[in-house]
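A quick write-up on the structure given underneath.
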Amino acid sequence: MTSAGGAAPTNFIREIIQADLEAGRYDRVVTRFPPEPNGYLHIGHAKSICLNFGLAEAFGGRCNLRMDDTNPSKEDAEYERAIREDVRWLGFDWGEQVYYASDYFEQLYAWAVQLIRDGKAYVDDLSADEIRAYRGTLTEPGRESPYRDRPVAENLELFERMRSGEFPDGAKVLRARIDMASGNLNLRDPVMYRILHATHHRTGDRWCIYPMYDFAHGQSDAIEGVTHSVCTLEFEDHRPLYDWFCKALGIHHPRQIEFARLNLSYTVMSKRKLLQLVEEGRVAGWDDPRMPTISGLRRRGYTPEAIREFCARIGVAKKDSTVDLALLEHCLREDLNRRAPRRMAVLRPLKVVIENYPEGQTETFDAVNNPEDPSAGTRPVPFSRELYLERDDFMEDPPKKFFRLAPGREVRLRYAYFIRCVGVVKDADGRVVELRCTYDPATRGGDAPDGRKVKATLHWVSAAHAVEAEVRLYDRLFSHPNPDRAGEGSFLDHLNPDSLEVLRGCRLEPCLAGARAGDRVQFERLGYFCADPDTADGRPVFNRTVTLRDAWAKLRKKGG
RNA sequence: UGGGGCGUCGACAAGCGGUAAGUCACCGGAUUUUGAUUCCGGCAUUCGGAGGUUCGAAUCCUCCCGCCCCAGCCA
């Protein structure tokens, strides 16, 4: 069980469970999170994970992690490994063991035989195309297969031969015998087993017939004593079938409850599309920091706490909805604000020479590590005659609302001195390459004894002491709020061409030399950053997790 | 034209017959050695629409409209 749940607000699922408990329908609560190991987990799965583990925790029950591994042609042990890692990282504990649908293959087979014996399942020789044709359409009923009334004994024998490998893929299937005229397509004699001569990553070549989702999921729930099988809306149509199998088999009958899956603006969530992004090299892999995968978010610098808080805030309902990415980012900033140490980093360096500061002199200032957390203490930051400032913090011909550095203007260097720009050095092309400034020794520490004010406080890094680094600026992967439904064309048409900008030659304050992969910091005035695994000794690589809220950027955008 | 769902502020979401919570976003304004954080204020006379029941309806009934899902031997 978990210890990670927050105080999640109530929702309709909790109410159903509460009512079930009170009515005595179940005497305990068991849920499960059942991913298919055919891809990486994403933020949408996080919603389901938080929901299922959270439900179990709220009712003092248990939540099983179960691999829904019934299709060997798509699944892989690597995905399984990643799933465990991600669930664990999110902060959930699945207890003694991971469960596997594949562990139930023998039992599932026995249950299939039982249904055949009861005349409720039959072996069909129709091809896939024929089955489709016989199924009918949304508005017309289907037709019964000519093999539907095979004698039980023949069905039994054929099914056994299917298992023993006598038939090639697709030659036969086992079908439930329900109702070819049902308005619910799932009830038109759904396929229970198909022949698949494929090696399963766990059962190897022991099987060449594999159960379909509908004949595996509910039964797996039953075996594990699941009481509430929570899944997404698209399975609502499957519930009658889920119930039919449990009833026909006379086994423990969990209640299936459906909720709306998570959609996030500016991102795609389907595994198919995420896979495509990876396979076509649109991103660097499943853990590319632009991906909505758990591993991508982790590498980007997200915290499990922020993701859990987000999941608690979005709620659980049956309405199709798309949550604003801004909410996710808000949860992230909220968490990082209270825990990320502050550092100074200049991403686009502009050299500054303090003309009246003695050459060769260095002094040290104490900088606060985290204004939100006094216990985080301070660190020393060296200051000298030559510094780097952010190019964006200087404008030669500033607009009215710009109150950073400009010719003749005075600003404060954080923790250090007031400086005034007295000269601009340009190259042959007229590009600003260096600033000449003077400092006021009386403002040491950042306050003027005469009480004069400055409108801006800038971050800076001493040139001689700076650590060079690579910084990767990430932005949303898609430029359209809903890449899935943005008119005709592919979602790929809406990829944001500026989703990644790599900056080299960035200058960090010296204490960042020892950054280790996974370290999260706030670069003051810029945003939250996380040291990437590509970080090498003495050569940090930082990913921008998210920018700080930026009133100036907003202003600038408005003004054109 | 079949079956299953869903419609409350720009985005989420409470509300469960007694007269529209909260959050994000947005817009002010205060404090600030991060144009950050924090703080304070604003933001649905109205609940997809139309009727009806009721002293009273977002909540109950009827009809209509809109959106989503289902025709894999995927999950």
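So that the names make sense, note that chain A is the first sequence line, chain B the second, and so on, each numbered from 1.
For the P atoms, the distance from B:G18 to B:A58 is 11 Å, rounded to whole Å. One C1' atom belongs to B:A25, the other to B:C9, and the distance between them is 11 Å to the nearest Å.
A:D550 comes within 4.0 angstrom of nothing in the nucleic acid, heavy atoms only. Counting any heavy atom pair closer than 4.0 Å across all strands shown, A:K401 reaches a base atom. As judged by a 4.0 angstrom heavy-atom cut-off over every strand, A:S321 is placed among residues touching the sugar-phosphate backbone only. Within 4.0 Å of A:V191, counting heavy atoms only, lie sugar-phosphate atoms of the nucleic acid but no base atom. Across all strands shown, A:L196 has no heavy atoms under 4.0 Å from either base or sugar-phosphate atoms. Within the 4.0 angstrom heavy-atom criterion, base atoms lie near A:D237. Here A:R313 lies in heavy-atom contact (under 4.0 Å) with sugar-phosphate atoms only. Counting non-hydrogen atoms under 4.0 angstrom, A:T322 reaches the backbone sugars and phosphates but no base. Looking at heavy-atom distances under 4.0 Å, A:P371 makes contact with a base. Note on A:A326: only backbone sugar-phosphate atoms sit closer than 4.0 angstrom, heavy atoms only; bases stay farther off.
Proximity of A:S265 to the phosphate of B:A11: no side-chain N or O atom is located under 4.0 Å from OP1 or OP2. At least one side-chain nitrogen or oxygen of A:R549 sits closer than 4.0 Å to the OP1 or OP2 atom of B:C26. OP1 or OP2 of B:U8 lies within a sub-4.0 Å distance of a side-chain N or O belonging to A:K319. Neither OP1 nor OP2 of B:G35 sits under 4.0 Å from any side-chain N or O of A:R556. Within the 4.0 Å cut-off from OP1 or OP2 of B:G72, at least one side-chain nitrogen or oxygen of A:R135 is found. Put simply, A:R132 has a side-chain N or O that comes within less than 4.0 Å of OP1 or OP2 on B:G72.
The side chain of A:F235 lies closest to B:A75, out of B:A75, B:C24, B:C70. Each of B:A13, B:C68, B:A11 was ranked by its minimum atom distance to the side chain of A:D324; first place goes to B:A11. Listed nucleotides: B:A75, B:G15, B:C26. Nearest to the side chain of A:E15: B:G15. The side chain of A:F402 has B:G35 as its nearest neighbour among B:G35, B:G2, B:G3.
You won't find any donor-acceptor pair under 3.5 Å spanning the side chain of A:H459 and the base of B:A36, going by distance alone.
A:R339 places its CZ atom 18 Å from the P atom of B:U37, with the value rounded to the nearest Å. Distance, A:R338 CZ to B:U38 P: 10 Å, rounded to whole Å. One can place CD1 of A:I257 at 17 Å from C1' of B:G4, the figure rounded to the nearest angstrom.
Looking at heavy atoms from C-beta onward, A:Y99 lies in side-chain contact with A:Y104 at the 4.5 angstrom threshold.
Between A:T443 and A:K318, the one whose closest nucleotide on RNA chain B sits nearer the 5' end is A:K318.
Ring-base stacking between A:Y213 and B:A75 is not satisfied when judged by a centre separation under 5.5 Å and a plane angle under 30°.
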